[in-house]
**Student:** 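To start, I am sharing the structure in question, which I have written as structure tokens.
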Amino acid sequence: QVQLVESGGGLVQAGGSLRLSCAGSGRTFSSYHMGWFRQAPGKEREFVAAISWSGYDTNYADSVAGRFTISRDNAKNTVYLQMNSLKPEDTAVYYCAAKNSYCSGYGCYDAHLYDYWGQGTQVSVSS
């Protein structure tokens, strides 16, 4: 089992940057495929990005590709989401999630396939 804690959210102006962190507990953290999701008020939770246990495979939603970068440091049990060129439509609660099996492409998009979730961190982008 793994516990996840997100941090790094806040208020930023459009065009700005934030880096989210997700700290995981447990010695098996490095074996999990990790994802970031977000949920805006009145909307469903949506996929943002995912990264394989090795860090070599990454996936991004079309809406963030080229602006966001997911990475991980297994020695620190931490996954990161670097968010650049932020837009007001990026405003949401951001969640990290752990999946105990590999996924690729659209196979990473389904939130129901993830086994563990953090509590979320708020990101607000002003225009």
**Student:** Enter the distance from C22:SG to L81:CG here, rounded to the nearest 0.5 Å.
**Tutor:**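 Nearest 0.5 Å value for the SG-CG distance: 10.5 Å.
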**Student:** Examine Y116 and Y94 and state if one hydrophobic cluster contains both, with Ile, Leu, Val, Met, Phe, Trp and Tyr joined whenever side-chain heavy atoms are less than 4.5 Å apart.
**Tutor:**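 Yes; Y94 is reachable from Y116 via cluster members.
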**Student:** Does any part of the side chain of F68, heavy atoms only, come nearer than 4.5 Å to the side chain of N84, both counted from C-beta?
**Tutor:**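 No. Closest side-chain heavy atoms not under 4.5 Å.
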**Student:** Given side chains that start at C-beta, do those of T91 and V123 come closer than 4.5 Å, heavy atoms only?
**Tutor:**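 Answer no - side chains too far apart.
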**Student:** Between CD1 of I51 and SG of C96, what distance do you get to the nearest 0.5 Å?
**Tutor:**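 These two atoms lie 12.5 Å from each other.
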**Student:** Could you pull out all residues at least two apart from Y102 that satisfy ring-ring contact (aromatic ring centres under 6.0 Å, His included)?
**Tutor:**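 Y102: ring-ring contact (aromatic ring centres under 6.0 Å, His included) contacts with H33.
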**Student:** Backbone N or O of A97 within a donor-acceptor pair of the Y32 side chain at under 3.5 Å?
**Tutor:**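 Absent.
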**Student:** How far apart are the closest heavy atoms of T28 and S31, and which atoms are they?
**Tutor:**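 Closest approach of T28 to S31, heavy atoms only: O-OG, 2.6 Å.
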**Student:** Check whether N74 reaches the backbone of W53 with its side chain - one donor and one acceptor, N or O, closer than 3.5 Å.
**Tutor:**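 Flag set: sc N74 to bb W53 pair under 3.5 Å.
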**Student:** Tell me whether V64 shares a hydrophobic cluster with V79, the cluster being built from Ile, Leu, Val, Met, Phe, Trp, Tyr side chains joined at under 4.5 Å.
**Tutor:**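 Yes, because V64 and V79 connect within a single hydrophobic cluster, where side-chain heavy atoms sit under 4.5 Å apart.
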**Student:** What I'd like to find out is whether the side chain of W36 reaches to under 4.5 Å of the side chain of E6, using heavy atoms alone.
**Tutor:**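 W36 reaches E6 side chain to side chain.
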**Student:** Supply the atom-to-atom distance K76 NZ to S30 OG, rounded to the nearest 0.5 angstrom.
**Tutor:**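 Rounded to the nearest 0.5 Å, the NZ-OG separation comes to 15.5 Å.
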**Student:** Between R38 and A92, is there a donor-acceptor pair closer than 3.5 Å when you use the side chain of the first and the backbone of the second?
**Tutor:**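 No, R38 side chain to A92 backbone: no donor-acceptor pair under 3.5 Å.
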**Student:** For the hydrophobic clusters of this structure (ILVMFWY residues joined by side-chain heavy atoms under 4.5 Å, transitively), does one cluster hold both Y106 and Y114?
**Tutor:**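 Yes; Y114 is reachable from Y106 via cluster members.
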**Student:** Could you give me the CA-CA distance, side-chain angles and deciding distance for Y60 and T69, then say whether side-chain contact (heavy atoms from CB on, under 4.5 Å) is met?
**Tutor:** CA-CA 8 Å; Y60 296 93; T69 302; 3.8 Å; yes
**Student:** Check for me whether R72 meets the cation-pi criterion with F29, that is, NZ or CZ under 6.0 Å from the six-membered ring centre and within 45 degrees of the ring axis.
**Tutor:**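 Positive - R72 is close enough to the ring of F29 and near enough to its axis.
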**Student:** Is a donor on one side and an acceptor on the other found under 3.5 Å between the side chain of D115 and the backbone of N100?
**Tutor:**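 Side chain of D115 to backbone of N100: a pair is present.
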**Student:** Within the 4.5 Å heavy-atom criterion, are T121 and L20 side-chain neighbours or not?
**Tutor:**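 In contact.
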**Student:** Between S17 and M83, is the side-chain contact (heavy atoms from CB on, under 4.5 Å) condition met? List the steps.
**Tutor:** CA-CA 5 Å; S17 299; M83 304 185 296; over 6 Å; no
**Student:** State, to 0.1 Å, how close K43 and Q39 come at their nearest heavy-atom pair, and which atoms those are.
**Tutor:**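 Closest heavy-atom pair between K43 and Q39: O-NE2, 3.1 Å.
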**Student:** Testing the basics here: between L113 and G107, what is the closest heavy-atom pair and its distance to 0.1 Å?
**Tutor:**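 Closest heavy-atom pair between L113 and G107: CD1-O, 3.6 Å.
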**Student:** Atom CD of Q13 and atom OG of S124: how far apart are they, to the nearest 0.5 Å?
**Tutor:**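 Between Q13 CD and S124 OG, I get 13.0 Å after rounding to 0.5 Å.
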**Student:** Are V93 and I70 linked, directly or through intermediate hydrophobic residues, by side-chain heavy-atom contacts shorter than 4.5 Å (ILVMFWY only)?
**Tutor:**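 Looking at the clustering, V93 is in a separate group from I70.
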**Student:** Could you check whether any side-chain heavy atom of L86 comes within less than 4.5 Å of a side-chain heavy atom of L18, counting everything from C-beta outward?
**Tutor:**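 Yes; the side chains approach each other to less than 4.5 Å.
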**Student:** Consider only side-chain heavy atoms of I, L, V, M, F, W and Y, link residues closer than 4.5 Å, and tell whether F47 and M34 are in one cluster.
**Tutor:**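 F47 does not cluster with M34.
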**Student:** Is the distance between the ring centroids of F37 and Y95 under 6.0 Å?
**Tutor:**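 Distance test on ring centres: not under 6.0 Å, no.
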**Student:** Taking atom types as modelled and ignoring hydrogens, do the side chains of S101 and K99 form a donor-acceptor contact shorter than 3.5 angstrom?
**Tutor:**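 The criterion, which ignores hydrogens and geometry beyond distance, is satisfied for K99 and S101.
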**Student:** Any donor and acceptor pair, going by atom type alone, linking the side chain of S25 with main-chain N or O of Q3 inside 3.5 Å?
**Tutor:**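 Confirmed, S25 side chain pairs with Q3 backbone.
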**Student:** Just checking, R45 and W117: is the charged tip under 6.0 Å from the six-membered ring centre and within 45° of the axis?
**Tutor:**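 Yes, R45 sits over the ring of W117.
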**Student:** Can you confirm if the NZ or CZ of R19 lies within 45° of the ring axis of Y80 and under 6.0 Å from the centre of its six-membered ring?
**Tutor:**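 Output yes; distance and angle both within limits.
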**Student:** Say whether T78 and D73, considering side chains only, have a donor N or O and an acceptor N or O under 3.5 Å apart.
**Tutor:**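 Side-chain D/A pair, T78 to D73: absent.
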